[in-house]
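Everything on this sheet refers to the single structure shown next.
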Amino acid sequence: MKKTSLLILLSVVFFSCKAQLNNQITSSHIMETKKPKLVIGIVVDQMRYDYLARFYNNFSDGGFKRLMKDGYNLKNTHYNYVPTKTAIGHASIYTGTAPENHGIMGNDWYDKYIKERVYCVKDENYKTLGSNSKEGEMSPHRLRTTTVGDQLHLAQNMNGKVIAVSIKNRGSVLPGGHTANAAYWFDDKQVGQWISSSYYMNELPNWVKKINTSDTFENYLSKPWNTYLDINKYSNSHKDNSPYEDPYEGSEKPIFPHNIQNLREENNNFLLLRITPFGNNLTTDFAINAIENEQLGKSEFTDFLAISYTSTDEVGHRFGPNSIELEDTFVRLDRDIERLLNHLDSNVGVNNYTLFLTSDHGVTEVPKFLNDIKIPAGYRNAKQIIQKVKDFTKAHFGEDLVEDIMNNQVFLNHNKIKELKINKNKVVDALIDEMINYKNIYKITSARTLQSSQFTEGIMGMIQRGYNQKYSGDIIYIETPSTLSDWYLKVEATNHGSPYNYDTHVPLLFYGKGIKKGSSHEYHPIIDIAPTVSALLDIEFPSGNSGKVIEKILE
């Protein structure tokens with residue numbers, strides 16, 4: 001009787017353990033199959049959220065509309081810091097945090113330790129691959145935290161590929177992170193070729209060399225830029241030849257068709273590509289080549305492809321957010337998105353990839369246009385402000401105590417202040433009291449205030465998240481809405497960088513494997529993207545992450 005009972009007990013334990021093991025295997029298999037084989041991050045430079053609605057009727061069913069209808073549309077996504085600039089935006093999207101942690105302070109900024117202005121990804125320790133220029137001397141060494149791609153590599157024991165591509169070097173280097181297998185950008189200043197840095201590899205792959213020896217670039221520059229659709233369909237933009245646009249160099253009027261071939265010489269030849277929709281075509285061509293030649297999404301590991309579209313930003317700067325040129329650029333980008341999605345469907349598999357699309361910042365309306373319709377806006381004289389601040393310190397303290405003013409930050413000369421035995425706080429307070437009275441300076445604060453107080457809401461909260469204790473200046477100021485430096489009157493129609501809604505409100509679309517269909521008007525800061533992608537991939541968040549997982553979009 002005892003032997004029978006023992007056998008029954010052992011049998012129960014055995015089958016129970018077997019069932020538990022099977023459940024664990026099944027669970028592990030389910031978790032594994034939920035992960036996409038490829039993640040694609042798309043950043044559309046200078047895309048305000050309202051463009052999705054304004055240009056909707058001119059989009060195809062297979063591009064933006066497909067992402068909106070079959071994915072999840074987060075309609076109230078904002079940048080939660082200032083300044084809203086390209087390099088910072090890309091860094092924040094992929095690190096899940098703001099400049100206070102990741103350390104990218106602008107496209108350029110003043111380095112108070114070496115006493116000079118620096119470029120966000122410039123690194124002379126590495127050489128250019130693909131040309132003899134210095135345009136490839138780049139690396140992510142100023143990025144102080146990890147990215148989603150870095151964490152994906154760490155989670156997979158450095159397996160899987162992380163590749164980034166953009167015409168702009170900062171739109172490629174920063175999304176790629178520290179451990180990217182490759183980051184590519186277009187050398188349109190010197191040679192008109194795709195290049196990289198020796199930071200990533202010893203030489204360009206053969207497939208990239210093949211592209212560089214093709215006629216692709218010349219073909220794009222040899223045709224005129226006319227509207228993709230009948231020009232009368234662009235009813236949500238100003239008329240052609242609006243007074244709020246700046247024409248190309250060598251062109252009398254900003255009107256269609258633009259004779260690109262004849263404008264090359266006066267617009268720096270290949271640099272003209274980025275100020276036309278053809279720069280986005282070029283980027284899509286390259287991204288598709290990367291998917292094919294690097295076999296992305298084909299291994300047992302998850303790969304990551306970061307794509308940044310540049311032409312929307314360059315066209316937007318020159319022609320403004322209400323120009324037919326900008327709408328046509330988005331109409332053509334919509335077809336590029338469709339082309340990319342179709343390629344992913346056929347080469348990676350419909351249910352094997354996950355994609356998100358967002359922007360690095362928005363843009364203000366052209367101040368001249370706002371003034372004409374009686375909305376407050378204006379221009380400031382940047383050089384005059386710098387001189388006034390320097391003159392003020394001379395008059396009140398006997399010396400010029402300013403090292404630099406850049407990105408709306410005042411950097412004081414601490415060594416000179418010490419030599420003169422002046423209380424630094426006294427200088428700061430005096431300047432704040434002086435500068436707040438300057439025309440178009442709307443808010444101003446000190447590093448001391450940001451270090452001793454906690455701001456969570458409003459513009460002061462945005463200033464604090466954009467303030468880095470180690471790298472930022474002594475004084476930070478914000479201008480009145482839609483105020484630009486008068487320098488832009490000469491070369492651009494408009495710009496960005498402020499904490500106001502037109503610069504912070506951007507689209508955020510998630511699509512593909514593991515993503516629900518739906519939409520939401522709930523507020524989400526841009527820094528929520530990285531932890532959400534990390535949760536989808538079941539990997540650790542980036543090291544400086546301060547965002548939250550957007551749980552409602554995940555299946």
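Position 1 is the first residue of the sequence; numbering continues from there.
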Handout entry: Whether Phe278 and Tyr220 hold their rings parallel, tilted or perpendicular, with breakpoints at 30° and 60°
Key = parallel

Practice task
Would you check if the distance from the ring center of His524 to the ring center of His78 is below 6.0 Å?
Solution key: no

Exercise for the section: For the residue pair Thr146 and Gln151, confirm or rule out a side-chain donor-acceptor distance under 3.5 Å. Expected result: yes

Exercise for the section: Flag the pair Glu294 and Lys161 as a salt bridge only when some basic side-chain nitrogen lies within less than 4.0 angstrom of an acidic carboxylate oxygen. Expected result: yes

Handout entry: NZ or CZ of Lys470 within 45° of Tyr113 ring axis and under 6.0 Å
Key = yes

Handout entry: Any side-chain donor near an acceptor of the partner, Glu327 and Asn58, under 3.5 Å
Key = yes

Handout entry: Nearest heavy-atom neighbours spanning Glu137 and Lys122
Key = OE1-NZ, 2.9 Å

Fill in the blank from the handout: For Gln193 and Phe217 the tightest heavy-atom approach is CA-CE1, 4.2 Å

Exercise for the section: Over all heavy atoms of both residues, which pair between Ser546 and Thr97 is shortest? Give the atoms and the distance, please. Expected result: OG-OG1, 3.0 Å

Handout entry: Full working for salt bridge (Lys or Arg N to Asp or Glu O under 4.0 Å) between Lys75 and Glu522
Key = CA-CA 7 Å; Lys75 300 180 178 182; Glu522 183 180 351; over 6 Å; no

Practice task
Assess the pair Tyr72 and Phe510: is the distance between their ring centroids shorter than 6.0 Å?
Solution key: no

Completion exercise
Given the options Phe286, Tyr200, Trp194, Tyr184 meets ring-ring contact (aromatic ring centres under 6.0 Å, His included) only with Phe286

Handout entry: Heavy-atom closest contact (Tyr234 atom, Tyr228 atom, distance)
Key = OH-N, 3.5 Å

Problem - Electrostatic pair Asp303:Lys37 at N-O distance under 4.0 angstrom - result: no

Exercise for the section: Decide, yes or no, whether a salt bridge links Lys85 with Asp503 under the criterion of side-chain N to carboxylate O below 4.0 Å. Expected result: no

Problem - Smallest separation among heavy atoms of Phe304 and Val533, with atom names - result: CE1-CG1, 4.3 Å

Fill in the blank from the handout: Minimal heavy-atom distance between Met47 and Val506, with the atoms involved, is O-CG1, 3.8 Å

Practice task
Give the ring-plane orientation class for His102 versus Tyr81, where under 30° counts as parallel, over 60° as perpendicular and anything between as tilted.
Solution key: perpendicular

Problem - Reference residue Arg66; test salt bridge (charged side-chain N to carboxylate O under 4.0 Å, His left out); the match among Asp345, Asp334, Asp61 - result: Asp345

